[in-house]
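Within every chain, numbering begins at 1; the chains are lettered A, B, ... in the order of the sequence lines, protein sequences first and strands thereafter. All values below come from the heavy atoms of this structure, side chains included, with hydrogens, waters and symmetry mates left out.
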Amino acid sequence: MPELPEVETVVRDLRPLIVGRCIVSVRVGSKKLRKPWEQEWADCVVGTTPLAIRRRGKWILVDLDSGAILLVHLGMTGQFTAVPAGEPAPDHLHFTFALNDGSELRYRDTRRFGSVQWIASDALVQDAFGERLGPEPFDIPAKPFAEALRSSRRNLKALLLDQSLLAGVGNIYADESLFRSGLHPQTLGSSLKPKDCDRLRLAIEEVIAKAIDGRGSTIRDYIGGSGLRGGYQDEFTVYGRTGEACVNCGTAIEMIRVAGRASHFCPKCQKRKN
DNA sequence: CCGACGTCCTGCTAGC
DNA sequence: TGCTAGCAGGACGTCG
């Protein structure tokens, strides 16, 4: 499940492999992704050169020398990789951008929850994001974050998954951050004390930073931009550890559904506040 | 306006 | 052994 740390790893991996290399051809698969690829976009892309690649939330932005942007979302199973010439084509390969050094920039996505779009200019990217994206979870503005949490009657799990509150957190790092802050996923935002908001904010920043250091987490499909698996899955405290011992107290980790998502927590370290 | 829930998609797996 | 129901979840549409 590519969340911020996985997407950041892809971007860092791809940067030295694609920047400055002209796109000489585009091959598009027949199956539709979440956002359809317009046929005329191929002509817009061929002949351009990536000048930069960056990340915003879970989105990847490839800045082309035409001023346009390739906007990529990995969804659940998306893989965005650069491979040397002559690599055999795998299943579920939806885009192949041939580069002028012979290598290929590829987008593969088994479940097709992701998307690849061509956006004419930087000014139009915000619209493509859909709802406004919240801040990156590095230096989260403390006061607005606490106010958003405390003014909401939604539970913490739903709040952390909301990309307009905070960009880049998904199911795995929401669970890991809640454990780190000692908060129960079903606790309502409105029942938090200012101190709880601070603990949660810092826990998110720490979890995300460590996960980036570990090159993200590979559960099944995720690989980085050069094809390498992640390493942070070995550091999970609660996610996917149902029935296993809590690293703090030894109590068996439990799994419940919150906000429609599997949510893992320690019933002793994370007590509900409401 | 807000929050909850269903939908998309494929592959793996638990359970009979 | 072989089959199938259920689950995985990011973003978004719909419903109450």
Side-chain angles (χ1 to χ4, degrees), chain A residues 1-10 29-37 55-61 71-80 90-95 107-117 119 125-134 136-137 147-178 185-192 204 208 211 216-223 230 233 236 238-243 253-265 274:
Chain A
M1 282 64 59
E3 304 178 26
L4 190 154
E6 290 74 27
V7 178
E8 178 65 25
T9 302
V10 168
S30 57
K31 292 209 169 173
K32 281 188 168 52
L33 298 178
R34 181 163 238 295
K35 303 268 172 94
W37 168 271
R55 179 194 57 74
R56 175 79 173 94
K58 299 173 194 171
W59 296 91
I60 298 170
L61 297 90
L71 184 62
V72 178
H73 199 293
L74 301 178
M76 274 194 70
T77 54
Q79 300 176 339
F80 199 32
D91 286 349
H92 308 293
L93 184 61
H94 302 293
F95 290 90
Y107 182 85
R108 176 174 187 252
D109 189 352
T110 303
R111 245 166 278 185
R112 294 192 270 136
F113 274 29
S115 59
V116 176
Q117 297 167 269
I119 309 289
V125 169
Q126 304 300 323
D127 301 331
F129 287 155
E131 66 177 343
R132 223 177 64 80
L133 281 181
E136 296 285 321
E147 275 165 19
L149 294 176
R150 298 186 71 213
S151 66
S152 173
R153 279 171 300 281
R154 303 163 76 190
N155 58 56
L156 295 179
K157 183 60 178 278
L159 286 163
L160 292 189
L161 294 177
D162 185 343
Q163 301 299 295
S164 68
L165 174 72
L166 205 58
V169 175
N171 203 39
I172 292 172
Y173 299 111
D175 281 6
E176 292 296 313
S177 301
L178 287 168
Q186 283 178 317
T187 291
L188 300 184
S190 54
S191 67
L192 291 190
I204 295 166
I208 294 292
S217 310
T218 296
I219 308 294
R220 182 171 298 156
D221 300 281
Y222 166 73
I223 52 172
Q233 65 280 356
F236 287 169
V238 286
Y239 185 87
R241 296 191 65 244
T242 310
I253 299 301
E254 293 183 8
M255 202 252 283
I256 55 174
R257 288 194 85 78
V258 184
R261 296 289 172 255
S263 301
H264 312 72
F265 68 103
N274 49 275

If I take atom [atom1] in residue [X] and atom [atom2] in nucleotide [N], what distance separates them, rounded to the nearest angstrom?
X        : N      : atom1 : atom2 : result
A:Leu4   : C:dG10 : CG    : C1'   : 14 Å
A:Gln79  : C:dG10 : CD    : P     : 16 Å
A:Asp109 : C:dA11 : CG    : C1'   : 13 Å
A:Phe129 : C:dA11 : CZ    : C1'   : 14 Å
A:Arg261 : C:dC7  : CZ    : C1'   : 11 Å
A:Lys157 : B:dG3  : NZ    : P     : 17 Å
A:Leu33  : B:dC9  : CG    : P     : 11 Å
A:Leu156 : B:dA4  : CG    : P     : 12 Å

Check this one for me: any side-chain N or O of [X] less than 4.0 Å away from OP1 or OP2 of [N]?
X        : N      : result
A:Gln163 : C:dG10 : no
A:His73  : C:dG10 : no
A:Lys58  : C:dA11 : yes
A:Lys35  : C:dC12 : yes
A:Arg112 : B:dT7  : no
A:Lys31  : B:dT10 : yes

From [options], nucleotide with atom closest to [X] side chain:
X        : options              : result
A:Arg34  : B:dG3, B:dC8, C:dA8  : B:dC8
A:Tyr239 : B:dG3, C:dC12, C:dA8 : C:dA8
A:Glu3   : B:dG3, C:dG10, C:dA8 : C:dG10

Next on the checklist: Need one value for A:Ala262: base, sugar-phosphate or nothing, where a base atom within 4.0 Å counts as base even if backbone is also close, heavy atoms only.
Outcome noted: sugar-phosphate

Next on the checklist: Heavy atoms only, 4.0 Å cut-off, all strands: where does A:Thr77 land among base, sugar-phosphate and nothing?
Outcome noted: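 If one applies the 4.0 Å heavy-atom cut-off, A:Thr77 turns out to touch nothing in the nucleic acid.
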
Item to check | Secondary-structure stems for DNA chain C, with pairs counted as Watson-Crick or G-U when both distances are under 3.5 Å and runs at least 3 long | outcome: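 Detected stem regions: B:2-16 with C:2-16.
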
Item to check | Donor-acceptor contact below 3.5 Å, side chain A:Arg154 vs main chain A:Leu188 | outcome: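 Flag not set: sc A:Arg154 to bb A:Leu188 has no pair under 3.5 Å.
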
Item to check | Which residues share a salt bridge (Lys or Arg N to Asp or Glu O under 4.0 Å) with A:Glu8, sequence neighbours left out | outcome: A:Arg12, A:Arg55

Checklist entry - According to the interplanar angle, ranging from 0 to 90°, do the rings of A:Trp59 and A:Phe129 count as parallel (below 30°), tilted (30 to 60°) or perpendicular (above 60°)? => result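 Answer is tilted, since the angle falls between 30° and 60°.
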
Next on the checklist: Parallel, tilted or perpendicular: which one describes the rings of A:Tyr107 and A:Phe95, with boundaries at 30° and 60°?
Outcome noted: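 A:Tyr107 vs A:Phe95 ring planes: perpendicular.
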
Next on the checklist: Within this structure, what is the NE2-OG1 distance for the pair A:His92 and A:Thr110, rounded to the nearest 0.5 Å?
Outcome noted: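 Reported value, rounded in 0.5 Å steps: 4.5 Å.
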
Next on the checklist: Which heavy atom of A:Thr242 sits nearest to which heavy atom of A:Met255, and what is that distance?
Outcome noted: OG1-CB, 3.4 Å

Item to check | Residue mapping more 5' on DNA chain B - nearest nucleotide basis, A:Gly260 or A:Met76 | outcome: A:Gly260

Output one line per pair: protein atom, nucleotide atom from nucleotides 11-14 of chain B, and distance, for all N/O pairs under 3.5 Å.
from   : atom 1 : to      : atom 2 : distance (Å)
B:dG11 : OP1    : A:His92 : NE2    : 2.8

Item to check | Residue pair A:Glu136, A:Arg56: steps toward the salt bridge (Lys or Arg N to Asp or Glu O under 4.0 Å) verdict | outcome: CA-CA 8 Å; A:Glu136 296 285 321; A:Arg56 175 79 173 94; 2.9 Å; yes

Next on the checklist: Strictly below 4.0 Å, N to O, side chains only: are A:Lys157 and A:Asp175 in salt-bridge contact?
Outcome noted: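 Yes.
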
